[in-house]
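Quick notes on the structure that follows.
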Amino acid sequence: MVHVCTIVPISLTVGANRIVPAVAIPHPLGDPTKTKEEEKAIRKHLVMKALKALQTEVEDQTVFND
Amino acid sequence: MAYRVVHYINQFFAGVGGEEKADYKPEARDGAVGPGMALNAALGGEAEIVGTIICGDSYFADNIEEAKKQILELIAGFKPDALVAGPAFNAGRYGTACGAVCEAVAKELGIPTVTGMYEENPGVDMFRKATYIVKTADSARGMKDAIPVMAKLLLKQLRGEPIGRPEEEGYIPKGVRINYFADKIGAARAVEMFVKKLKGEPYVTEYPMPVFDRVPPNPPITNMAEATVALVTSGGIVPKGNPDHIEASSASKYGEYSLAGMETITSETHETAHGGYDPTYANEDPNRVLPVDVMRELEKEGVIKKFHEVYYSTVGNGTSVANAKKFGAEIAQKLKDANVNAVIVTST
């Protein structure tokens, strides 16, 4: 399991082991200030990062920054 | 006239036998037995143990409903004013039985109950809201400390006296909140607490944080192109109209929704039920919280083998840890049963 979320400290507190920081609280996987295409690219990038986290061996709670 | 008290104990404390007698069926005896002697003395003549119910721990655990019924009948036969169970210390089956008997008696007979357990006894989590559980040591060596506290708590209830805070009375918090007027405002109390903390002096928090458990990380997915991946969210994305009426805060449930035949989700098909953030962006394009469009794309591209067509959603807004834990366990089991290999959980 990977947790894609904006408030990383909460995720760390509740114990997620793989964490991918997201864009913003009301739109974690999008950015309404961008065009539809740009927004989807951001989303795809985040999901790809989540998939990469899922394929990474971790021994402890890990935040996957860029 | 002394108050009439019935005492519930297991086969071991009754002197019937150990594990080999754990299937002992419920039995009623007149008067006090085993630890009941000391309890009777501690009640100081104001209350008296008129009967003792003895039941084997395994018998209770294996026949909970039936055993509860039998025990309740035996207890009612004594026409008691109150019930004491145990103390069970750290004995799991015994603690569970004590808690269950107290709960049933309080509910069916409407009389005060007290039991005693070590704080890690599984019976504590199950029954602390249903009865007073006095905090005890982990073994019977703590008997002499537990008995007076249990007796005092029982007598207070029988007399109809107000029961003090858990730490004053020695019981495990029942999760009851009582309003009161404090002398100082919260800010002043917080600063005082902080200063004490800085000085290394003892202080009592007014809001203990829940204890979150830790789980070892799962091994990584070795071949994503062969994996089935599911989406779960606490961002409240639900089919338009919120068919399961998931609450905007303090959610008591989660939803399970099919995405079969859907390439994406839109403002026409989905929305958020979450009441803790500005819903404008999620309602405009729910993929911003639940990335269905991208998952479908990755499925087509062969990056993942399959996008699991059922997603799970709840509202993470003031949701209790207990509820969240329950949802999590159920959802995880369902995903496992569906042979899902990996899960992306999104939160707002």
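Naming: A, B, ... by sequence-line order, numbering from 1 per chain. Since the model is a prediction, treat every value here as computed from it, not as a measurement.
- Comparing A:Ala53, A:Ala24, A:Cys5, A:Pro28 by how many heavy-atom pairs each has under 4.5 Å with chain B, the most go to A:Pro28.
- Interface remark: of the candidates B:Asp278, B:Asn287, B:Thr272, B:Asp285, B:Asn287 forms the most heavy-atom pairs closer than 4.5 Å to chain A.
- Heavy atoms of B:Leu335 lying under 4.5 Å from chain A are absent altogether.
- Distance check: B:Ile344 CD1 to A:Lys49 NZ gives 12.5 Å after rounding to the nearest 0.5 Å.
- At most 12 heavy atoms of other shown residues, nucleotides or ligands fall within 6.0 angstrom of atom CE in A:Met48.
- Around atom NZ of B:Lys253, more than 12 heavy atoms belonging to other residues, nucleotides or ligands sit under 6.0 Å away.
- Both the backbone and the side chain of B:Val215 come within contact range of chain A, each with at least one heavy atom under 4.5 Å from a heavy atom of that chain.
- No more than 12 heavy-atom neighbours from other residues, nucleotides or ligands sit within 6.0 angstrom of NZ on A:Lys52.
- We find that A:Arg43 and B:Glu297 are not joined by a salt bridge, their nearest charged nitrogen and carboxylate oxygen being 4.0 Å or further apart.
- Heavy atoms only, all atoms of each residue included: B:Tyr277 and A:Ile25 are closest at CB-CG2, 4.1 Å.
- Interface remark: B:Pro279 contributes no atoms to any contact with chain A (heavy atom separation under 4.5 Å).
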Next item on the list: Test side-chain contact (heavy atoms from CB on, under 4.5 Å) on B:Arg214 and A:Gln61 and set out the steps.
Entry: CA-CA 10 Å; B:Arg214 287 285 179 268; A:Gln61 289 189 291; 4.0 Å; yes
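- Smallest separation of non-hydrogen atoms from A:Met1 and B:Val345: CG-CG2, 3.6 Å.
- Here the CZ-CG distance, from B:Phe212 to A:Leu12, works out to 12.0 Å after rounding to the nearest 0.5 Å.
- Put simply, the side chain of B:Arg288 never gets that close to the backbone of A:Glu39: no donor and acceptor are under 3.5 Å apart.
- For the options B:Asp293, B:Thr222, B:Asn218, B:Thr346, heavy-atom pairs under 4.5 Å to chain A are most numerous at B:Asp293.
- No more than 12 heavy atoms of other residues, nucleotides or ligands sit less than 6.0 Å from atom NZ of B:Lys129.
- Within a 6.0 Å radius of CD in B:Glu301, more than 12 heavy atoms belonging to other residues, nucleotides or ligands are found.
- At most 12 non-hydrogen atoms from other residues, nucleotides or ligands lie less than 6.0 angstrom from CD of B:Glu268.
- Counting heavy-atom pairs closer than 4.5 Å to chain B, the top-ranked of the candidates A:Asp60, A:Val58, A:Leu51 is A:Leu51.
- Residue-environment remark: CD (B:Glu192) exceeds the threshold of 12 foreign heavy atoms within 6.0 Å.
- Residue B:Pro217 forms a side chain to side chain contact (heavy atoms under 4.5 Å, CB included) with just one option from A:Asn17, A:Thr62, A:Thr56, and that option is A:Asn17.
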Notebook entry, point to check: Taking it one step at a time, do A:Leu54 and B:Asn341 satisfy side-chain contact (heavy atoms from CB on, under 4.5 Å)?
Noted result: CA-CA 10 Å; A:Leu54 286 167; B:Asn341 305 105; over 6 Å; no
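- Of the atoms belonging to A:Ala50, it is side-chain heavy atoms, and not backbone ones, that fall under 4.5 Å from chain B.
- Annotation: side chain of A:Leu29 is not in contact with side chain of B:Val294 (no heavy-atom distance under 4.5 Å).
- A:Lys36 NZ: more than 12 foreign heavy atoms inside a 6.0 Å radius.
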